[in-house]
Amino acid sequence: VQPLLAWWKGARVVLEREFDAARALELLSRKRVTTLMGVPATYLFLSQEPGFAEADLSSLRLAVVGGAPMPESLLETWIDRGVEIVQGYGLTEAAPNVLCLPPEDARRLLGFAGQAYPHVDVALRDAEPGRLVAGAGTGELVVRGPNVFAGYWRNPEATAAAFADGWLLTGDVAERDEEGFYRIAGRIKDMVVSGGENVYPAEIEDVLAGHDA
């Protein structure tokens with residue numbers, strides 16, 4: 001996603017054979033990198049480098065995270081270094097961008113994945129009755145639009161299982177607030193029911209990641 005957009009606009013792309021946190025910090029400074037994209041683990045390893053506190057990150061205008069929910073404590077670590085990370089959400093079957101949080105809302109809506117991209121429709125679906133959730137609520141995130149794939153290659157059964165009423169079923173549980181911003185709670189199959197409450201690993205990981213130990 002990131003290199004294609006950069007080349008399209010005529011920007012320089014810094015390519016590495018593999019991810020090395022110490023080298024990445026050095027390259028950010030030396031190459032004056034303006035845009036960075038990674039998964040939560042990328043930002044965690046960078047923040048754990050001994051030189052992170054003194055690293056020159058002044059060139060960074062935009063830092064984007066995707067691939068998994070990012071712990072709020074890790075987001076705050078980067079905010080403390082003067083970098084506000086923009087969260088997003090997507091999946092391969094949707095080519096892949098679905099949700100994005102504008103930079104101006106990064107601090108106000110810490111932990112949210114944002115709102116739908118232009119031309120992309122998103123909704124929440126209640127699995128039991130199979131109805132869409134109105135207003136603020138929680139449910140499976142479903143997607144439709146020209147970005148959604150036509151189906152799995154030579155696998156009509158999997159394709160049929162991936163859709164319901166014209167919506168792509170992501171398998172991800174999301175929460176929507178009163179403003180229409182989405183936050184990813186976890187995967188449906190990973191959910192644990194305890195004492196009548198739905199518990200998602202992402203929520204537990206968020207608490208653990210914020211602990212001093």
Side-chain angles (χ1 to χ4, degrees), residues 1-2 36-44 47 62-79 83-128 130-145 147-149 162-164 167-194 197-210:
V1 173
Q2 203 80 350
L36 173 67
M37 186 175 188
V39 297
T42 308
Y43 291 100
L44 175 64
S47 71
L62 184 65
V64 184
V65 65
M70 185 155 167
E72 291 185 15
S73 58
L74 184 55
L75 288 168
E76 289 168 348
T77 296
W78 280 82
I79 289 174
V83 179
E84 294 189 351
I85 295 178
V86 176
Q87 295 208 76
Y89 167 85
L91 65 163
T92 302
E93 290 88 342
N97 293 330
V98 175
L99 302 172
C100 186
L101 187 66
E104 59 269 20
D105 291 315
R107 187 185 294 266
R108 181 176 71 90
L109 295 169
L110 201 66
F112 278 75
Q115 294 178 318
Y117 275 82
H119 313 298
V120 180
D121 292 328
V122 295
L124 296 178
R125 183 175 182 268
D126 190 327
E128 289 302 322
R131 292 194 300 264
L132 298 184
V133 178
T138 302
E140 181 180 5
L141 187 68
V142 293
V143 185
R144 70 182 180 188
N147 57 313
V148 174
F149 78 149
F163 288 90
W167 292 91
L168 170 65
L169 306 175
T170 67
D172 290 311
V173 177
E175 303 165 359
R176 183 174 57 217
D177 69 5
E178 294 80 5
E179 296 180 71
F181 285 92
Y182 290 83
R183 176 187 178 126
I184 305 301
R187 294 286 297 171
I188 289 177
K189 293 181 180 179
D190 293 340
M191 185 187 74
V192 176
V193 179
S194 177
E197 294 290 331
N198 294 340
V199 181
Y200 297 97
E203 297 173 331
I204 300 171
E205 290 168 0
D206 197 27
V207 174
L208 293 174

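Using a 4.5 Å heavy-atom threshold, the side chains of Ile85 and Leu62 count as separate. Side-chain contact between Leu124 and Glu140: absent, with no pair of heavy atoms (C-beta onward) separated by less than 4.5 Å. Between Leu141 and Ile184, some side-chain heavy-atom pair lies under the 4.5 Å cut-off. Annotation: side chain of Thr170 is not in contact with side chain of Glu93 (no heavy-atom distance under 4.5 Å). Annotation: side chain of Arg144 is not in contact with side chain of Leu168 (no heavy-atom distance under 4.5 Å). Using a 4.5 Å cut-off on side-chain heavy atoms (C-beta onward), Met70 and Tyr43 make contact. Annotation: side chain of Tyr182 is not in contact with side chain of Asp177 (no heavy-atom distance under 4.5 Å). For the pair Arg107/Ile79, a side-chain contact is recorded, criterion being any heavy-atom separation below 4.5 Å from C-beta on.
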Practice item. Evaluate the criterion side chain to side chain contact (heavy atoms under 4.5 Å, CB included) for residue pair Leu169 and Arg125; output intermediate values, then yes/no. Key: CA-CA 9 Å; Leu169 306 175; Arg125 183 175 182 268; 3.9 Å; yes

Check your understanding: What's the verdict on side chain to side chain contact (heavy atoms under 4.5 Å, CB included) for Val207 and Ile204, showing C-alpha distance, side-chain angles and the deciding distance?
Key -> CA-CA 5 Å; Val207 174; Ile204 300 171; 5.8 Å; no

Review point. Between Phe112 and Leu99, is a side chain to side chain contact (heavy atoms under 4.5 Å, CB included) present by the stated rule, with each step listed?
Key: CA-CA 10 Å; Phe112 278 75; Leu99 302 172; over 6 Å; no

Exercise for review: Output, in order, the C-alpha distance, side-chain angles, deciding distance and verdict of side chain to side chain contact (heavy atoms under 4.5 Å, CB included) for Val173 and Thr138.
Suggested key: CA-CA 7 Å; Val173 177; Thr138 302; 3.7 Å; yes

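Residue Ala209 comes nearest to Ser73 through the heavy atom pair O-OG, 3.2 Å, listed as atom of the first residue, atom of the second, then distance. Considering every non-hydrogen atom in both Gly66 and Pro40, the closest pair reads O-CD, 3.4 Å. Nearest approach of Val98 to Val143, heavy atoms of both residues: CG1-CG2, 3.8 Å. Contact between Ala95 and Asn147 at its shortest, heavy atoms only, is CB-O, 3.2 Å. Residue Glu72 comes nearest to Leu110 through the heavy atom pair OE2-O, 3.6 Å, listed as atom of the first residue, atom of the second, then distance. The two residues Val122 and Ala116 make their nearest non-hydrogen contact at CG2-CB, 3.8 Å.
More than 12 heavy-atom neighbours from other residues, nucleotides or ligands sit within 6.0 angstrom of CD on Glu104.
With hydrogens and angles disregarded, no donor-acceptor distance shorter than 3.5 Å links the side chain of Asp172 to the backbone of Ala185. No donor-acceptor pair under 3.5 Å is formed between the side chain of Asp126 and the backbone N or O of Arg131. A donor-acceptor contact shorter than 3.5 Å links the side chain of Arg176 to the backbone of Gly135.
By the 4.0 Å N-to-carboxylate-O rule, Glu179 lies close enough to Arg108 to be salt-bridged with it.
Within the cation-pi definition used here (under 6.0 Å to the ring centroid, within 45° of the axis), Arg183 does not qualify as a partner of Tyr89.
Here the SG atom belonging to Cys100 is positioned 4.0 Å from the OH atom belonging to Tyr117, to the nearest 0.5 angstrom. Note that CG of Leu36 and OG1 of Thr42 are 8.0 Å apart. Values are rounded to the nearest 0.5 Å.
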